[in-house]
Enquirer: 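This is the structure I have questions about; it appears just below.
In each ligand, atom 1 is the first atom listed, and ligand 1 is the first ligand listed.
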Amino acid sequence: MESVWMKGSGIRKREPLPGDMEVPVVVIGAGLAGILTAYYLKQEGIRAVVLEADRIGSGQTKNTTAKITSQHNLIYSRLIRTFDCRMAEHYASANEAAIGEYERLVREKGIDCDFVRCPACLYSQTETEILKREAEAAESLGIKASFETDCELPFPVAGVTKFARQARFHPLKFLAGIADEVEVYERTKALKVEGGRVETDRGSVTAGQVVFTAHYPFINVPGYYFARMHQERSYVVALEGAERPEGMYLGIDQGGLSLRGYGGLLLLGGGSHRTGVNPVDKTGMGCGYGMLKNRAQEMYPGCSEVYRWSAQDCMTLDGLPYIGRFSTRRPYWYVATGFGKWGMTSAMVSARILTALITGRDCPEADIFSPDRAFTMQAAKGLAVHGAYTVKGLSKHLLPSGKGSVILNCPHMGCRLEWNPAEESYDCPCHGSRFDREGRLIDGPAQTDCKRREGNENERAEE
Ligand code: FES
């Protein structure tokens, strides 16, 4: 299923790595975060090559709703409560600056990517106090925010928290414009990283600094990112014949929707759930695409679906991205991951922070994003939940399975995969790897395909 962004993006094909090479910086992953990081390093006079297992932008960059916004759900009241005003201010200013930086690049380079400034709104059909508090918190941190009771949605709301001067664009057209200036090797899969040497299936790259921007880091140790992130799936349909709002919307209630316009289409998203845990329909509206289809007909009778796609998002323990040094044991490795639902803005924030760290420039805003930041109460709760899923997934592969059933264990760390009927894939509840019907790898952190085999009544062995 192709997203609306994949048609005519204009991204130029690149050759694979021609053989061994030595460079100052190697970046693994040619999504928005990787390409932007390499671009900014080049502006600083530093050669950075990007390695991509598939094609530029073929990962999660193409599966987004492409909202560029500092409005990341109800984050600001929480940040002020959990950290302090200074840290919350850094989060706000880094993300607001990211919007401005996109605009600057689009203008200066004349990138034709449908960039438009527009408001971003959180809506609720029941809550007003939470939304008011969020607007006040954001405003206190320098964001142009307000609480309003009117909005352009086709159903009644109790209120909205509105951020002015946010933006939307076409992510792959933007990426094409920037990637043209970056040295990228496609169809070059990083297999192993030892010190400053990245081994690929096409040769090796030796570098002074290594940057991991391939969505979910495939290195387990050091860093232990598998223990502090899970993945979530969510669904998007592009509708014809549905009214398009000027602003971008996100519902904060259970089952809340994401809405934004693109050209003549409305992009309607929702149905988020942990990868590997099939959702249960509690409302009678269905799950995933079925739920979106039903909600679309309810709101815009007669509309029709022209595209559908799903996103896979890395969720951290405290809901903030990990951007900075990969681990104290590898000070010359860097990482950008855990963007949650906010990949566009977080990619730009990552590129700016990683460039500052690599060039040795002062970057006060880096503290709140650091993978080594303070461990909060929310992170502790997240760790407990994540740990419980992992223990369950790992212990399940030792259980007897029904005769004739297909058993697939995840090649990452061995959890039992779950069949996802909506997307016809085998999904891992532990860290979110996904495989197609034949066991071929779709999403990491696993690095290899998995083997299918038939189960039998008394089986207790692992793969
Ligand atoms: Fe880690 Fe499956 S993704 S065990």
Enquirer: Testing the 3.5 Å rule here: is there a donor-acceptor pair between the side chains of Ser77 and Glu134?
Expert: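 Glu134 and Ser77 do have a side-chain donor-acceptor pair below 3.5 Å.
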Enquirer: Check Arg47 with Glu183, please: is the shortest side-chain N to carboxylate O separation under 4.0 Å?
Expert: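 Counted as a salt bridge, because a side-chain N and a carboxylate O are separated by less than 4.0 Å.
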Enquirer: Restricting to disulfide bond (SG atoms under 2.5 Å apart), what partner residues turn up for Cys430, sequence neighbours left out?
Expert: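 For Cys430 the disulfide bond (SG atoms under 2.5 Å apart) partners, ignoring immediate neighbours, are Cys415.
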Enquirer: So, using side chain to side chain donor-acceptor pair (under 3.5 Å) as the criterion, who are the partners of Glu101 when residues are at least two apart?
Expert: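 With neighbours one apart ignored, the set is Tyr40, Arg104.
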Enquirer: Report all side-chain donor-acceptor pairs from residues 190-198 shorter than 3.5 Å, counting only partners two or more places apart or in another chain.
Expert:
{"from": "Arg197", "atom 1": "NH1", "to": "Ser204", "atom 2": "OG", "distance (Å)": "3.3"}

Enquirer: Using a distance threshold of 2.8 Å, what protein N/O/S atoms lie below it relative to atom 1 (Fe) of ligand 1?
Expert: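 You should have found His412 ND1, His431 ND1.
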Enquirer: Are Arg55 and Arg14 side-chain neighbours, meaning at least one heavy-atom pair lies under 4.5 Å?
Expert: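 Arg55 vs Arg14: side chains apart.
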